[in-house]
Number of protein chains: 2
Amino acid sequence: MSVLRESDRGVPREDPREDTRARIEQAALELFTAAGFEQVTIEEIAAAAGTSRRTFFRTVGGKADAVWGDFDGHVDRLATLLDRSGEDVPVLTAVLAAYVEANDYAPGDLPVLRQRMRLILTEPALQAHSQLRYADVDRVVAGYVARRCGQSPTSLVPRLVATATRAAATTAFEAWLSGDVPSLAEALRTAFGQLAEGFPGLR
Amino acid sequence: MSVLRESDRGVPREDPREDTRARIEQAALELFTAAGFEQVTIEEIAAAAGTSRRTFFRTVGGKADAVWGDFDGHVDRLATLLDRSGEDVPVLTAVLAAYVEANDYAPGDLPVLRQRMRLILTEPALQAHSQLRYADVDRVVAGYVARRCGQSPTSLVPRLVATATRAAATTAFEAWLSGDVPSLAEALRTAFGQLAEGFPGLR
DNA sequence: ACGGTAGGGGCACCGGGTGCCACGGGCAAC
DNA sequence: GTTGCCCGTGGCACCCGGTGCCCCTACCGT
């Protein structure tokens, strides 16, 4: 439900709930990577995490959700970044900057991110599920664009910008995964650049 | 598997296979629209179509697939249209034209199309599943762009164009469904126009 | 009359997901 | 200390989507 912070009152509280969650997510990630998403059963993940099938569903919600970590927090961060962006910077630039900063992971976190994204972009079931997660991102971006343009979040341009930028971000992730590009931020800038220039040379 | 045409040798051949398929798809569409995708069980659809659960899976493949009709044929048509497009017309223009022509339905087919798209864009499970179907479209478009640009279909620009144009098409469908736009073709042209111009006013 | 084949149905089974209840440990109030 | 509560957890039963396997039946050509 809520994003728990370990920094409450200085002492890391060792929340049992978050502890089992971490164990489950780590076990799921390893097993999925090793054997493939479909081949691994919940029971196997639960066993590897030292818990039960029932607890798995209670703590991570579902098989596909085990891969996403705290994605709600990620979306919240993106929303905050967009809220804080100045009125003078162009809309597309602001969206790009928010995407770049929201995905500015510490070097130590990159391996896990690679593992997550490889699964999400490769495994069909996860690829399908991702649409539901990305819909949250789209809503946030569409809302921002709508505010900046004085339009309804459900009208064409805000939604188009949201889905197109998200498509660009996804493509950037793919390029980053295949190693064709130095960094994730660079891939994002390249993709957004192409988008903002209307694909020069293709018109 | 294959797209059967009733126009072989003048007499409508009454293919039993295609007949039950049509009954199942119609029953599924009606029940999903009336009660919601999750609420309807396969057994109910099979009963309404006058057949069995087992036959349902054999003929339409799965619950989500029952909504899509002959989408493979749709993708094939799109590929053919792109193949036939001239070398002189700009890439983005060719993709737009192919999308418009592939989605140029007869007026009588529009109600069913509305019903299908409303379900696909509204029901979460179908929204998720759609990603797998759209991936086929993306592969076709990315392949075309790659051919025109002399790049690999897996490199950034072809994939970006494919996902971005498909995002634009989806947004156009949403706008068409909400009635904010006169026709589907018009919505597609508007969305592609915004995309090709790099969202003027937002940079 | 014969065998082949294809569409269909029945059945058992697997795995994801949920509701319900029961257990056990920590923790406050008495 | 004892009581009572809450919360994380586990076990169980159940539903439903999906698949493999076998059998039935109708239609086909010979």
Side-chain angles (χ1 to χ4, degrees), chain A residues 1-2 4 6 8-9 11 13-25 27-29 31-32 35-68 119 123-130 132-133, chain B residues 1-2 4 6 8-9 11 13-25 27-29 31-32 35-68 119 123-130 132-133:
Chain A
M1 289 301 180
S2 60
L4 300 185
E6 293 187 353
D8 294 351
R9 206 68 69 202
V11 182
R13 294 288 278 115
E14 286 273 356
D15 185 338
R17 187 104 179 203
E18 217 57 20
D19 180 52
T20 61
R21 160 177 232 104
R23 284 201 328 267
I24 289 175
E25 288 184 353
L29 230 54
L31 289 174
F32 290 162
F37 182 78
E38 310 265 17
Q39 275 58 44
V40 180
T41 71
I42 310 276
E43 208 130 14
E44 290 170 339
I45 303 172
T51 180
S52 76
R53 186 176 132 83
R54 194 65 191 84
T55 300
F56 174 93
F57 284 110
R58 201 148 27 208
T59 51
V60 299
K63 195 180 182 184
D65 304 283
V67 180
W68 287 84
L119 287 169
E123 295 282 352
L126 290 175
Q127 205 175 332
H129 180 80
S130 71
L132 303 178
R133 297 306 194 107
Chain B
M1 287 299 184
S2 61
L4 302 185
E6 294 186 356
D8 294 351
R9 205 69 68 204
V11 182
R13 295 289 279 115
E14 287 272 354
D15 185 339
R17 186 103 177 201
E18 216 58 20
D19 180 53
T20 60
R21 162 177 227 104
R23 287 203 324 270
I24 289 175
E25 287 183 353
L29 230 54
L31 289 174
F32 289 162
F37 183 78
E38 310 266 18
Q39 275 57 46
V40 181
T41 70
I42 310 276
E43 209 130 15
E44 290 170 338
I45 303 174
T51 180
S52 77
R53 187 176 131 83
R54 195 63 191 84
T55 301
F56 174 93
F57 284 109
R58 202 149 24 208
T59 51
V60 299
K63 195 180 181 183
D65 304 283
V67 181
W68 286 84
L119 285 168
E123 295 281 351
L126 290 175
Q127 205 175 331
H129 179 80
S130 71
L132 303 179
R133 297 306 194 106

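Scope of the values below: all heavy atoms of this structure, side chains included, with no hydrogens, waters or symmetry mates. Per chain, numbering begins at 1; letters A, B, ... match sequence-line order. This one's a predicted model, so the numbers in the text were calculated from it and none came from an experiment.
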Under 4.0 Å between a side-chain N or O of [X] and OP1 or OP2 of [N]?
X        : N       : value
Thr51(A) : dG10(D) : yes
Ser52(A) : dG10(D) : yes
Thr20(A) : dT9(D)  : yes
Arg17(B) : dG7(C)  : yes

Heavy-atom pair with the smallest gap, counting every atom of Arg53(B) and Ala46(B):
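Reported closest heavy-atom pair: N-CB, 3.6 Å.
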
At their closest point, which heavy atom of Asp65(A) faces which heavy atom of Val60(A), and how far apart are they?
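Closest heavy-atom pair between Asp65(A) and Val60(A): CB-O, 3.0 Å.
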
Stepwise side-chain contact (heavy atoms from CB on, under 4.5 Å) check, Phe32(A) with Lys63(A):
CA-CA 10 Å; Phe32(A) 290 162; Lys63(A) 195 180 182 184; 4.0 Å; yes

Would you indicate which nucleotide in dT18(C), dG8(C), dG18(D) comes nearest to any side-chain atom of Phe57(B)?
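For Phe57(B), the side-chain atoms sit closest to dG18(D).
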
Which listed nucleotide (dG9(C), dG10(D), dG16(C)) is nearest to the side chain of Lys63(A)?
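Closest of the options to the side chain of Lys63(A): dG16(C).
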
Rounded to the nearest angstrom, tell me the gap between atom [atom1] in [X] and atom [atom2] in [N].
X        : N       : atom1 : atom2 : result
Glu43(A) : dC12(D) : CD    : P     : 11 Å
Phe32(A) : dG15(C) : CZ    : C1'   : 13 Å
Glu38(B) : dT18(C) : CD    : C1'   : 13 Å
Leu31(B) : dC16(D) : CG    : C1'   : 16 Å
Glu18(B) : dA6(C)  : CD    : P     : 16 Å
Asp19(A) : dC7(D)  : CG    : P     : 19 Å
Gln39(A) : dC14(C) : CD    : P     : 17 Å
Arg53(B) : dG9(C)  : CZ    : C1'   : 12 Å

NA contact type, Val60(A), heavy-atom cut-off 4.0 Å: base, sugar-phosphate, or nothing?
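No contact.
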
Is any side-chain N or O of Arg54(A) under 3.5 Å from a base N or O of dG10(D), one able to act as donor and the other as acceptor?
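Looking at the base of dG10(D), it does not pair with any donor or acceptor on the side chain of Arg54(A) (distance under 3.5 Å).
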
Between the side-chain atoms of Arg58(B) and the base atoms of dG9(C), is any donor-acceptor pair under 3.5 Å?
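Between dG9(C) and Arg58(B), which were checked side chain against base, a qualifying N/O pair under 3.5 Å is present.
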
Would Leu31(B) and Gln39(B) satisfy side-chain contact (heavy atoms from CB on, under 4.5 Å), going step by step from the backbone distance to the final call?
CA-CA 9 Å; Leu31(B) 289 174; Gln39(B) 275 57 46; over 6 Å; no

Report the residue (Phe56(B) or Gly61(A)) whose heavy-atom-nearest nucleotide on DNA chain C is the more 5′ of the two.
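That would be Phe56(B).
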
Take Thr59(B) and Thr20(B) through the side-chain contact (heavy atoms from CB on, under 4.5 Å) test and state the conclusion after the steps.
CA-CA 8 Å; Thr59(B) 51; Thr20(B) 60; 4.0 Å; yes

